[in-house]
Amino acid sequence: MLDAQSLMPGTEGINFYQADPTLEQLLKRHLSPDDYERAHPLLLRMGAVASERMDELAAIADRHGPVLRQYDRRGQRIDEIIFHPAYHELERIVYQDFAIAACTHREDALGWSGRVPQPVKFALAYLGMQAEAGVFCPVSMTDALARVLERYGDPALKQRFLPHLTALTLDELQQGAMFLTERQGGSDVGQTATVARRQTDAHKVAETEPWPQWQLWGEKWFCSNVSADLILTLARPSGAPAGTRGLGLFLVPRRLPDGRRNAYMINRLKEKLGTRSLATGEVTLEGAFAYQVGVLERGFIQMTEMINLTRLWAAIGSLAAMRRSLLEATVHTQGRIVFGRRLCDHPLMRRQLVDLLLEVEGCAALAFETTAVLERVDRYG
Ligand SMILES: Cc1cc2nc3c(=O)[nH]c(=O)nc-3n(C[C@H](O)[C@H](O)[C@H](O)COP(=O)(O)OP(=O)(O)OC[C@H]3O[C@@H](n4cnc5c(N)ncnc54)[C@H](O)[C@@H]3O)c2cc1C
């Protein structure tokens, strides 16, 4: 009688990095030999953590998704999201143990001397996302929000928020999000109906806070990481023209400087097919306090910095799902015996596997080339 592993071969215990010679080749192409040597032990460690601990945690966090608690027992609105402890442990692994959101912004993460190169960050994330994509959506937005502030935030805004977005411990960390999509405007963001009104000096929230300050009214329809600490959003200042040209860029903190909740409500969470561990919600901004980011008339252009970087993150996440599926298929067909021989030795199955392999390798080459281009832009402008 065959044991369970021989009957139904699985990927348990397989280090995702060691099982992926293509990733190793791509990194050798895009990194200096020194950087590759430095990255190697980190990748080995992530390959093991992803295939073992993160894989277990992901199964729990996906089964026990986030819950929205709108009221406390006195009937006061609180709009808190409650996550399963497995999700919080995933957060600890990605933000704290592997510094994935911070490592390309800071000079001191992961024992690296200087900033970690973009291909290394994305390779670590790629391995992690083969176990769990949900927790990486907030990571991607925290990373990308920091990039927008670095490029366009005024000094006071950077000083106040960048250390939290790029923190190396969960206690200090403030996570990012972007609330763009409205019911009438997903791709067509120029239809954004959220309005912004500038606060007068009399209403300034705190003297020490960055300025200018605004209040926002509107409805956002698809807000991932809806409980984030810091949110980038687009809104139309009164009197600004229609379309994307009239949109300003604003940073909305979850908490006001005095600790109170900011003025927005989480109406409900989305029922999603994918990224189930992650809270995505619908939000009404009810005069939410916001800081202006950069030049008011260039709001959408500045926002594309975050959209572009999160699209690369989405590409790496999709690639990770493809790679994990290929690994599952390969391991299964190499161990499973049908009609007297291994599944992978049957010609039609072999052809199917080669088709999958070619797609994964082609997409991996393109995605990691893009991470290398991003690194060149960061390094040389
Ligand atoms: C899991 C998930 C998480 C999300 N998280 C966020 C978030 O955190 N923040 C946020 O702001 N939004 C978020 N979104 C929303 C997402 O960004 C929008 O769904 C997206 O912008 C598309 O908008 P839409 O759904 O309104 O589709 P539409 O704009 O209505 O588009 C419908 C279809 O038409 C196609 N289409 C659109 N324009 C054209 C064109 N000119 N030519 C040809 N085809 C076109 C689109 O590709 C799409 O297939 C999330 C969505 C999902 C599924």
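Throughout, numbering of the chain's residues begins at 1 and tracks the sequence. Read the numbers this way: they start at 1 and go in the same order the structure lists the ligands and their atoms.
- Checked by distance only, ligand 1 and G185 stay at 3.5 Å or farther apart across all their nitrogen or oxygen atoms.
- At least one protein heavy atom sits closer than 4.0 Å to atom 15 (C) of ligand 1.
- Side-chain N or O atoms of S32 include one that pairs as donor or acceptor with a backbone N or O of D35 at under 3.5 Å.
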Residues 168-175, side-chain donor-acceptor partners within the protein, below 3.5 Å, at least two apart:
from : atom 1 : to   : atom 2 : distance (Å)
T169 : OG1    : E172 : N      : 3.4
T169 : OG1    : E172 : OE1    : 2.6
Q175 : OE1    : Y95  : OH     : 3.3
Q175 : OE1    : N225 : ND2    : 3.2
Q175 : NE2    : E91  : OE2    : 2.9

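- Close contacts of ligand 1 with M178, meaning ligand atoms under 4.0 Å from a residue heavy atom, involve 7 (C), 8 (O), 9 (N), 10 (C), 11 (O).
- R254 has a carboxylate O that lies under 4.0 Å from a charged side-chain N of D229, or vice versa, which qualifies the two as a salt bridge.
- Set against the non-hydrogen atoms of L180, the atoms of ligand 1 under 4.0 Å away are 10 (C), 11 (O).
- Taking the side chain as every heavy atom from C-beta outward, W221 and F179 never approach each other to under 4.5 Å.
- The presence of a protein heavy atom under 4.0 Å from atom 32 (C) of ligand 1 is ruled out.
- The existence of a salt bridge linking R53 and D55 is excluded, since no basic side-chain nitrogen approaches an acidic carboxylate oxygen closer than 4.0 Å.
- For atom 5 (N) of ligand 1, the nearest protein heavy atom (residue, atom name, distance) is S224 OG, 2.8 Å.
- Between T280 and ligand 1, a contact under 3.5 Å exists for no N or O pair.
- Side-chain contact between H88 and F83: present, with at least one pair of heavy atoms (C-beta onward) separated by less than 4.5 Å.
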